[in-house]
Colleague: 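Below is the structure I would like to discuss, written out as structure tokens.
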Amino acid sequence: MSKTGQTRPIVKALMILIYVVFLALLIELLSYVAVVHVFDNALGGRAERHLYSSIRGHELNPDYRRDFDTGGERIHSDQGFRRDTSVALPKPQDTYRIFLMGGSTAYAIGSQGSVYPEHPTLTNQETVSHFLEQDLRAQLQDEMPGVNIEVINAGVAAYHSFQHVLYFYETLYEYEPDMIVFLDGHNDFYNVGVKNPIQSYGYSSARMVDALNERKPFFATYAFLRAPAEYSYTFKLVSKLTQGLYDRYEAPRYNVSGDAAALERDFPAEVAEAAQIGFLRNYKLMDAFSDYHGFCYHVFLQPEVVFENTDHLSPADREIAQITRDKYVPGREEIMIRSRPEFPALFEQAGIPFTDVAQIAGPAHQDKSLYVDYTHLTPEGSKLVADRMLPVVVEAIAECGNAVEIGQ
């Protein structure tokens with residue numbers, strides 16, 4: 001065989017190799033564009049708001065940041081709280097420490113990829129916890145001289161009240177809270193007709209365990225791709241697409257809107273039953289923790305745009321209210337509206353301190369945008385909620401008594 005004949009297979013193989021490398025680089029480049037500029041994502045886990053948690057289902061990712069959502073800045077502390085700085089341990093002697101717990105409204109999430117107008121997640125200086133901390137320091141500087149009042153945001157998107165119990169039992173007791181305030185409602189107060197709220201929870205690792213046990217192929221592929229997605233935009237893109245297929249076709253579907261048929265039955269009794277096996281039971285567990293660990297607490301019902309007087313809303317918020325009514329499944333809004341008046345008596349009977357701040361708009365707010373979507377707030381809305389909570393929290397601090405010991 002001639003020398004030329006011997007080199008042809010080598011040249012051919014080299015050309016194929018160059019072609020494959022070029023194609024791989026082109027795919028990687030296109031994947032980079034899709035991941036970074038379409039999905040506002042990045043390699044690794046920094047673009048994931050939550051990490052899986054073996055105890056609570058999910059928890060805040062300290063490294064989370066995205067260009068649109070957070071301006072590329074971190075908004076979670078190293079300890080997993082919604083704040084810029086770490087919380088001192090042990091608690092300093094001159095500190096009165098309040099935790100704000102709740103779901104995505106307490107956390108102050110934005111709106112992206114939905115039927116609502118796009119809005120980034122609020123900064124740490126635009127949250128209910130931030131405004132409440134500022135207000136408390138200004139209001140109580142004479143009554144509590146020399147005391148550093150902290151309001152630490154421990155809100156996590158999609159949390160139900162049973163996860164507050166787990167969060168405290170797992171972690172928060174170590175921070176020695178003097179008070180815990182809950183801003184809850186949307187996630188589990190209106191699930192009338194749901195017989196087992198914990199088994200019906202279908203988010204994060206709760207779904208992951210089901211998929212693992214049932215050997216779901218899309219989930220298995222997604223789990224496999226998470227490792228190479230740390231280093232390659234192609235694998236990152238395929239991982240995201242596979243996660244979407246898992247969410248669409250394999251993830252279990254749970255009733256999180258309540259049973260509309262309950263509206264035709266003894267509705268007050270249905271609300272009471274749902275409360276007793278759901279959120280009231282969870283707050284009674286927190287009540288037991290409060291006795292054991294020596295903190296006070298108060299539950300606030302979070303705002304909902306469908307509760308607002310439309311005449312008091314800005315044009316933007318009226319549009320959001322209409323989108324919400326069109327979006328809700330049949331019966332959801334009526335369940336919410338009819339459930340709300342039942343709550344004060346149910347909380348009173350259970351001996352749980354409760355205040356309704358579910359309506360925040362007034363005649364003076366017709367030119368203010370208060371809502372990002374159905375329940376999440378703008379900075380202006382967050383400030384209004386903090387203002388509504390302030391006198392209740394001040395009174396609770398006075399009644400609690402532990403502030404006097406800190407101030408001495």
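Given the structure is predicted, the values throughout are model-derived calculations rather than measurements. Residue numbers count from 1 along this sequence.
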Colleague: For the residue pair Thr105 and His376, what are the closest heavy atoms and their distance?
Modeller: OG1-CD2, 3.5 Å
Colleague: Is it the case that the side chains of Arg83 and Ser129 hold a donor-acceptor pair, with the cut-off being a distance below 3.5 Å and no angle test?
Modeller: no
Colleague: Would you call the rings of Phe300 and His298 parallel, tilted or perpendicular, taking 30° and 60° as the class edges?
Modeller: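 Tilted, since the angle between the ring planes falls between 30° and 60°.
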Colleague: Is it the case that more than 12 heavy atoms not belonging to Glu118 sit under 6.0 Å from its CD atom?
Modeller: yes
Colleague: Using only heavy-atom distances, determine whether the side chains of His164 and Asp184 contain a donor-acceptor pair under 3.5 Å.
Modeller: yes
Colleague: Just by distance, do the side chain of Arg46 and the backbone of Arg65 share a donor-acceptor pair under 3.5 Å?
Modeller: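 It does hold such a pair.
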Colleague: Only one of Gln163, Glu170, His50 passes side-chain hydrogen bond (donor to acceptor under 3.5 Å, both in side chains) with Arg56; say which it is.
Modeller: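 By the side-chain hydrogen bond (donor to acceptor under 3.5 Å, both in side chains) criterion, Arg56 pairs with just one of Gln163, Glu170, His50: Glu170.
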Colleague: Strictly below 4.0 Å, N to O, side chains only: are Lys327 and Asp373 in salt-bridge contact?
Modeller: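 No.
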Colleague: Search all heavy atoms of Pro228 against all heavy atoms of Phe235 and return the closest pair with its distance.
Modeller: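 Between these two residues, the closest heavy atoms are CB-CG, 3.7 Å.
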Colleague: Is the backbone of Glu73 close enough, under 3.5 Å, to the side chain of Thr70 for a donor and an acceptor to pair up by distance?
Modeller: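 Looks like yes, one N/O pair under 3.5 Å.
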Colleague: Any chance the side chains of Asp78 and Ser86 put a donor and an acceptor closer than 3.5 Å?
Modeller: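 There is no such pair between these side chains.
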Colleague: Mind telling me whether His76 and Tyr64 have parallel, tilted or perpendicular rings, with 30° and 60° as the class edges?
Modeller: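 Plane angle under 30°, so parallel.
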Colleague: Ring centres under 6.0 Å, that's the criterion: do Phe354 and Phe182 meet it?
Modeller: no
Colleague: Do the ring planes of Phe168 and His293 sit parallel (below 30°), tilted (30 to 60°) or perpendicular (above 60°)?
Modeller: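 Taking His293 first and then Phe168, their aromatic rings stand perpendicular (interplane angle over 60°).
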Colleague: For Val305 and Tyr371, which heavy atoms make the closest approach, and how far apart are they?
Modeller: N-CE2, 3.6 Å
Colleague: Would you indicate whether Tyr231, at its atom OH, is surrounded by more than 12 heavy atoms from other residues, nucleotides or ligands within a distance under 6.0 Å?
Modeller: no
Colleague: Report the distance from atom CD of Glu250 to atom CZ of Phe219, rounding to the nearest 0.5 Å.
Modeller: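 Going from the CD atom of Glu250 to the CZ atom of Phe219 covers 9.5 Å.
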Colleague: Can you check whether His58 and Tyr159 have ring centres sitting under 6.0 Å from each other?
Modeller: yes
Colleague: Strictly by modelled atom types, are Glu380 and Ser369 linked by a side-chain donor-acceptor pair under 3.5 Å?
Modeller: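 No pair is found: no donor N or O on one side chain lies under 3.5 Å from an acceptor on the other.
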Colleague: Around atom CD of Glu174, are there more than 12 heavy atoms from other residues, nucleotides or ligands closer than 6.0 Å?
Modeller: yes
Colleague: For the residue pair Gln243 / Asp247, report whether a side-chain donor-acceptor contact shorter than 3.5 Å exists.
Modeller: no
Colleague: Identify the heavy atoms of Thr242 and Tyr222 that sit nearest to each other, and give their distance.
Modeller: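 Answer, listing the atom of Thr242 first, then Tyr222: CG2-N, 3.6 Å.
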Colleague: Report yes or no: does Glu133 contribute a side-chain atom to a donor-acceptor pair with the main-chain N or O of Val151 at less than 3.5 Å?
Modeller: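 Side chain of Glu133 to backbone of Val151, a donor-acceptor pair under 3.5 Å: yes, one is there.
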Colleague: Please step through side chain to side chain contact (heavy atoms under 4.5 Å, CB included) for the pair Thr171 and Glu59, ending with a clear verdict.
Modeller: CA-CA 11 Å; Thr171 300; Glu59 61 191 25; over 6 Å; no
Colleague: Would you say Ser77's side chain and Pro62's backbone share a donor-acceptor pair under 3.5 angstrom?
Modeller: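 No.
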Colleague: Using modelled atom types and a 3.5 Å cut-off, is there a donor and acceptor pairing between side-chain atoms of Asn187 and backbone atoms of His160?
Modeller: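 Such a contact is absent between Asn187 side chain and His160 backbone.
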Colleague: Could you check whether Glu304 and His186, counting side-chain N and O atoms only, form a donor-acceptor pair closer than 3.5 Å?
Modeller: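 Note: His186 and Glu304 side chains meet the donor-acceptor criterion.
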Colleague: Kindly indicate whether a cation-pi arrangement holds for Arg97 with Tyr175, taking the cut-offs as under 6.0 Å to the six-membered ring centre and within 45° of the axis.
Modeller: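 Output no; distance or angle outside limits.
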Colleague: Please tell me whether Tyr169 and Phe289 form a close aromatic pair, meaning their ring centres lie under 6.0 Å apart.
Modeller: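 Between Phe289 and Tyr169, which both carry aromatic rings, the centre distance is below 6.0 Å.
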Colleague: Minimum heavy-atom separation for Leu225 to Val238, with atom names?
Modeller: CD1-CG1, 3.5 Å
Colleague: Should the heavy atoms of other residues, nucleotides or ligands under 6.0 Å from CD of Glu264 be counted, would the total exceed 12?
Modeller: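 Open: at most 12 neighbouring heavy atoms sit under 6.0 Å from CD of Glu264.
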Colleague: From the options Lys240, Arg66, Arg226, select the one residue that forms a salt bridge (charged side-chain N to carboxylate O under 4.0 Å, His left out) with Glu48.
Modeller: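 Single salt bridge (charged side-chain N to carboxylate O under 4.0 Å, His left out) partner of Glu48 among Lys240, Arg66, Arg226: Arg226.
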Colleague: Determine the minimum heavy-atom distance between Tyr190 and Ser339, stating which atoms define it.
Modeller: CD2-CB, 3.8 Å
Colleague: Are Phe99 and Phe81 near enough that their ring centres are under 6.0 Å apart?
Modeller: yes
